[in-house]
Amino acid sequence: MENKLLNTGIAYLKGVGPQKAELISAETGVFTYWDLINYFPTRHVDKSTLTEIRSINNESDTVQIRGKLSKIALLTAPSGKRLTATLTDSTGSIELIWFKNYQYVIKALKEDALYTVYGKANDFKGRYSISHPEIKLYQTEDNVKGLPLEPVYPLTEKLKARFMDSRFFMGIIKQILHHPDFDLPEYIPESVTKPMKLIHRKSAYQQIHLPQNKQVHAAATRRIKFDEMFTLAMRAEKNKANRLIEQRGIRMPKVGELFNVFFKKYLQFELTNAQKQVIKEIKDDIGSGKQMNRLLQGDVGSGKTIVALLCMLIAIDNGYQTCMMAPTEILATQHYLSIKDLLADMPIRIALLTGSTTKKNKEKIKQALQNGEIEILIGTHALIEDDVNYNKLGFVVIDEQHRFGVAQRAKLWNKTQLIPHVLVMTATPIPRTLAMTVHGELDVSTINELPKDRKPIKTIYRTENYRAEVMEFIRNQLEKGRQAYIVYPLIEESKKLDLNDLMNGYEMVTNFFPVPKYQISLMHGRMKPEVKDFEMKRFKEGQTQIMISTTVIEVGVNVPNASVMVIENANRFGLSQLHQLRGRVGRGSDQSYCILMTKDDMNFTSKKRINTMCKTNNGFEISQVDLELRGPGDLMGTRQSGLPDFKLLDLVHDDEIIDIAKRAAAFVLKQDPVLEKEENIPLLNYLKQHQQDNFWGRVS
Ligand code: ADP
Ligand code: MG
């Protein structure tokens, strides 16, 4: 820490001491002065006015009142013990109530003393009371007039029980902020702070806790959020710059025979403009002599696979091998079969390598790969195992990247001398700002439109009472020659129970759709890969009309004839999962439907998820809501996302700050790539010092 004072343990603060310090640390993770001034208030309240008790009405929210305390009493009601007291001012009186921790409170309260009380007034049949108020013995110097905005800190029950309330925190934080040795030197160069109108760091910390008014508070918040993003962006930009300088890449200058022939003869549809644009971006990138690291995001069904394939053809045209890695065997197999089919009449050798490839076959593939006899290798993570060696690997595609850990990705790097170009595809669209933040080291391409012939999927919500109607609806679709999925949740902890659900579902469905008129596929994760492949193949070829399964079909599966997706116990799925599942239909030109079913009453988040699904098909909007409901860390699994734990910055709503901070970082590095100019030395030092508390070290 740049300031010695700020390294001091909080036990040294007046009124804290070792015991309280220990409790504060345990409850809030605050150990030092620096931690404490980073313990930001959640809001501020205006305590510069007193309310007359008489004027409290049901429109009053939180009120501040002052009066004499009387009738302190511990009551035993059927619902449990509670402490009550009455506060009286010159206009009336009101009851104060404690249901918890009254044993501590009762010891502190003094009959007939004057108190200032702050809290939310509740209306109980016209009689007002305040539960668990903030209460403070009145002292003559407590003149509320002109009091500044008062910070409200996040508190836990244990802290409150020991009277460590917002006022307490305000007091101890004040000690630091007003300490003669308190200082926070500026580290962001003036070339940034000036045009961005950022207030000084030191004053930002003072004003975020104890603001003079709302405007300065906003400026302080903006400054601290800026810092959070700016340091992150500096590191990301720096890594990117390093990569561009150091990572010379394989130059793939030409678009050749294979690409052209395939494009003219075998591509069965017109590419969307977004697909064309992305192919151009990739083509330019891999032709530039620098190593490409690109994230391709596009909603489910937007046609990412064909984009990847066309780019792989360019790589092969330039004399390189390519590989495509998928997260599941089903998906790898599906990619293999469809790509093999598309390239059937072209002189390209393709192989599939997964965990269930036989030993003998694997040896053969490895040999061929090493001899350069395979141009496209498709598989699961089996294809980055240590003993798999390529002859001349130039282009790597990673499909549905959110299933892969960063470490796994890194393994690929060591397969050849010159690092291959990497295209990471994801259908769990991350909001753009988040993508830029998480993948600071990646360039981002986006397919933001679906192929023209697609009709938006209609999504509806039905409870169990409508079971028969839903089944009739499916029958109707099957009669038109379409197919349907029925999906059950399978959650790790209760595998048995869920498998029961699936089996009961299977029985229920076969009652509605008896053989031999109808053929039904059943699939779950514990089946052998061959069995899954077999069932998938039957469904894909239209030999079965209904696929009952767990989420093993979640990602990537492509059966354009399927037009109904029924999701059972939909309340148990996350939003991005629901969206992925829904994306299994609507892949052809028929109108498709998604039916979300639930048995039980739903909680708030489940309701919100289902409403969102019914309202929109747009994956970006959906991931935005998902982010709000779950928080960014959880969206991709904290470990994998490498997202830092922002204290103030809100990745969903702080677009503007994220954007300017990124631009500022790029600007600084452009002027001074290694931060050697005098004005940038403080920044360099700051980044070095704060290396540890940033996620970057862990990820890259
Ligand atoms: P995703 O982006 O979800 O991986 P896919 O690559 O599986 O989507 O493509 C979904 C379906 O759309 C496939 O059947 C694919 O052949 C088809 N497709 C891709 N691009 C187009 C297009 N431009 N026009 C029509 N169909 C397309
Ligand atoms: Mg896909």
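The analysis underlying the following values was restricted to heavy atoms, covering all of them including side chains, and did not include hydrogens, waters or symmetry mates. It should be emphasised that the depicted structure is a prediction, and the values quoted were computed from it without experimental measurement. For reference, positions follow the sequence shown, starting with 1. Every number for a ligand or one of its atoms is a count from 1 in the order of the listing.
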Next on the checklist: Ring of Tyr320, cation from Lys392 - is the NZ or CZ under 6.0 Å from the centre and inside 45° of the axis?
Outcome noted: yes
Checklist entry - Quick one: does Thr322's side chain have a donor or acceptor within less than 3.5 Å of a partner on Glu375's backbone? => result yes
Checklist outcome for this item: Quick note on ligand 1: atoms under 4.0 Å from a heavy atom of Val300 include exactly 3 (O)
Item to check | Per-atom contacts of ligand 1 with Thr305, taking only distances under 4.0 Å to non-hydrogen atoms | outcome: 4 (O), 5 (P), 6 (O), 7 (O)
Checklist entry - Do any N/O atoms on Gly303 end up under 3.5 angstrom from N/O atoms on ligand 1? => result yes
Checklist entry - Got a donor-acceptor contact below 3.5 angstrom from the Lys366 side chain to the Asn389 backbone? => result no
Checklist entry - Is Asp453 close to ligand 1, meaning an N/O of one under 3.5 Å from an N/O of the other? => result no
Next on the checklist: For Glu257, I'd like to know if atom CD has over 12 heavy atoms of other residues, nucleotides or ligands within 6.0 Å.
Outcome noted: no
Item to check | Heavy atoms from other residues, nucleotides or ligands near CZ of Phe512 exceed 12 (cutoff 6.0 Å) | outcome: yes
Checklist outcome for this item: Thr333 and Glu329 have their tightest heavy-atom pair at OG1-O, 2.6 Å
Checklist entry - Short list, please: which atoms of ligand 1 are under 4.0 Å from a heavy atom of Thr272? => result 23 (N)
Item to check | Residue portion contacting ligand 1 (non-hydrogen atoms closer than 4.0 Å) for Asn558 | outcome: side chain
Checklist entry - Measuring from the heavy atoms of Arg454, does anything fall under 4.0 Å of ligand 1? => result yes
Next on the checklist: I need the atoms of ligand 1 closer than 4.0 Å to a non-hydrogen atom of Leu271, numbered in the order shown.
Outcome noted: 23 (N)
Item to check | For Ser302, the ligand 1 atoms whose distance to one of its heavy atoms is below 4.0 Å | outcome: 2 (O), 8 (O)
Next on the checklist: Under a 3.5 Å threshold, yes or no: a donor from one side chain and an acceptor from the other, between Thr598 and Tyr461?
Outcome noted: yes
Checklist entry - Where the closest heavy atom to atom 20 (N) of ligand 1 is concerned, which of Gln297, Glu270, Met425, Gln275 has it? => result Gln275
Checklist entry - Has Gly298 got any heavy atom lying under 4.0 angstrom from an atom of ligand 1? => result no
Next on the checklist: Whether the side chain of Asn318 engages the backbone of Ile314 through a donor-acceptor N/O pair (distance < 3.5 Å, no angle test) should be reported.
Outcome noted: yes
Checklist entry - Is there any N or O on Phe269 that sits under 3.5 Å from an N or O of ligand 1? => result no
